Structures are given as C-alpha cells and as structure tokens.
Amino acid sequence: MKKLISLATLLFCMAFNAGAITYEEAFDSIKALPRMKGVDRVLISGDNIFQLLGITDGQLIVWDGEKNMETAPYYNEIYKIIGQLPPSEMIKSYMTGITGSILAIFAKPVSENSNRIIILADSSGEGATEAIIGYINDDDLQALQKSILVPRSVGGTSIYMNAINF
C-alpha cells in the first residue's frame, strides 16, 4: 500500500510540475505581448534600482504606452503566467484589486550563491507593465525576501529594503 501511495504522489508531482513553465518562457510570453519593448542590459547593470536589489546580468521589458488603465488586459496575462510558474519558487507577491496592481518575485538556485530570478509586475492605475529576469546572489535574495511590499496610491508597488526588524 505504501508503494502505491508513493507512486501516486510521484505521478501527481510530475504532472503538477509538467504544467509549470520556465522563467525564460514566462519572460518571452510577456515580451510577446503587444507594445512591450525590451531594454538592454544597460538599465540593470548600471547605477539604478535593479542594481540596488542585487540583480545582475538581466533583461528588462516594459510597456511603451502612456495612458493609465490601458494595461488592464496585461494584468490578466501576468496573473495567468504567475499561475504557471512553480509556486514553491515564489518568494514574494502582492496583489490588489483596488488599483489593479500585481507584483510577484520568483527565484531558484542555479549554482552556489547564484539564483535565477524573475519579477513580474503590472499596475493598471499607473499604466505600467514590466518584467525583469536575471541573477541574484544568496544575500541579496534573502534581503529581497525580507523586504516590504507597499502599494502606492497612484498604483504600483514599492519595494522597501533594510526594514527594521521588531
């Protein structure tokens, strides 16, 4: 009986993971959405917020529109993609229906002190959709896990690092 239960559990886990997509597939799906444009490595390797998060050797794609609420259909697509990524790799997420904001961070180890990371975000209220894929070391990933996600009044989500622990 134990072997039968173990086999059923193994098959369930294999079926569950078979439906999962890779970070690269998730990033490519978002990149394929209309009006998304890539920003080459410059923004991630230079002096900017991504470097402060510790993300290296990455890519950023953003929506190139200008009007608020035009990204509402993108919210649904990002939500769908988040559901296709392995839930065990989600390290942080935030979602609100008030401003139509969603932010999810996934990471997995790829070698010693190196993790593959993807950040997916959309804010209909702010008119912004973006995705970041890259690498992050263990210390920076741990700091990101301890960060605080706070909604902004105009839409979107802020990431606060180095929060005081009580």
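Note that the numbering runs from 1 along the sequence shown for the chain. Not measured: the values here are computed from a predicted model.
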**Request:** Would you please name every residue forming a side chain to side chain contact (heavy atoms under 4.5 Å, CB included) with Ala131, sequence neighbours left out?
**Result:** Phe27, Ile30, Ile61, Leu120
**Pairwise distance CD1(Ile133) to CG(Asp57) - rounded to 0.5 angstrom** = 10.5 Å
**Prompt:** Listed by chain and number, what are the side chain to side chain donor-acceptor pair (under 3.5 Å) partners of Asn113, not counting sequence neighbours?
**Reply:** none
**Message:** Looking at every heavy atom in both Ser114 and Asp138, which two are closest together, and how far apart are they?
**Reply:** N-OD1, 4.2 Å
**Asked** For Ile136, does its backbone N or O pair with a side-chain atom of Asn115 as donor and acceptor, under 3.5 Å?
**Response** yes
**Request:** Could you please spell out the steps behind the side chain to side chain contact (heavy atoms under 4.5 Å, CB included) verdict for Ile21 and Leu85?
**Result:** CA-CA 5 Å; Ile21 61 174; Leu85 290 166; 3.8 Å; yes
**Item:** side chain to side chain donor-acceptor pair (under 3.5 Å) involving Glu89 - partner list, sequence neighbours excluded
**Value:** Tyr23
**Request:** Could you give me the CA-CA distance, side-chain angles and deciding distance for Glu25 and Gln84, then say whether side chain to side chain contact (heavy atoms under 4.5 Å, CB included) is met?
**Result:** CA-CA 10 Å; Glu25 290 170 330; Gln84 294 173 340; over 6 Å; no
**Request:** Can you measure from CD1 (Ile119) to CG (Leu144) and round to the nearest 0.5 angstrom?
**Result:** 6.0 Å
**Message:** Just to verify, what does Ala104 make a side chain to side chain contact (heavy atoms under 4.5 Å, CB included) with, not counting sequence neighbours?
**Reply:** Ile82, Met90, Ser93, Phe106
**Fill in**
Minimal heavy-atom distance between Ile81 and Ala26, with the atoms involved, is CG2-CB, 3.5 Å
**Prompt:** About how many Å separate CG of Leu60 and CD1 of Ile55, when rounded to the nearest 0.5 Å?
**Reply:** 9.5 Å
**Complete:** With sequence neighbours left out, the residues meeting salt bridge (Lys or Arg N to Asp or Glu O under 4.0 Å) with Glu24 are Arg116
**Asked** Which value, rounded to the nearest 0.5 Å, describes the distance between Leu141 atom CG and Lys108 atom NZ?
**Response** 13.5 Å
**Prompt:** For Asp28, which residues count as a side chain to side chain donor-acceptor pair (under 3.5 Å) partner, sequence neighbours excluded?
**Reply:** none
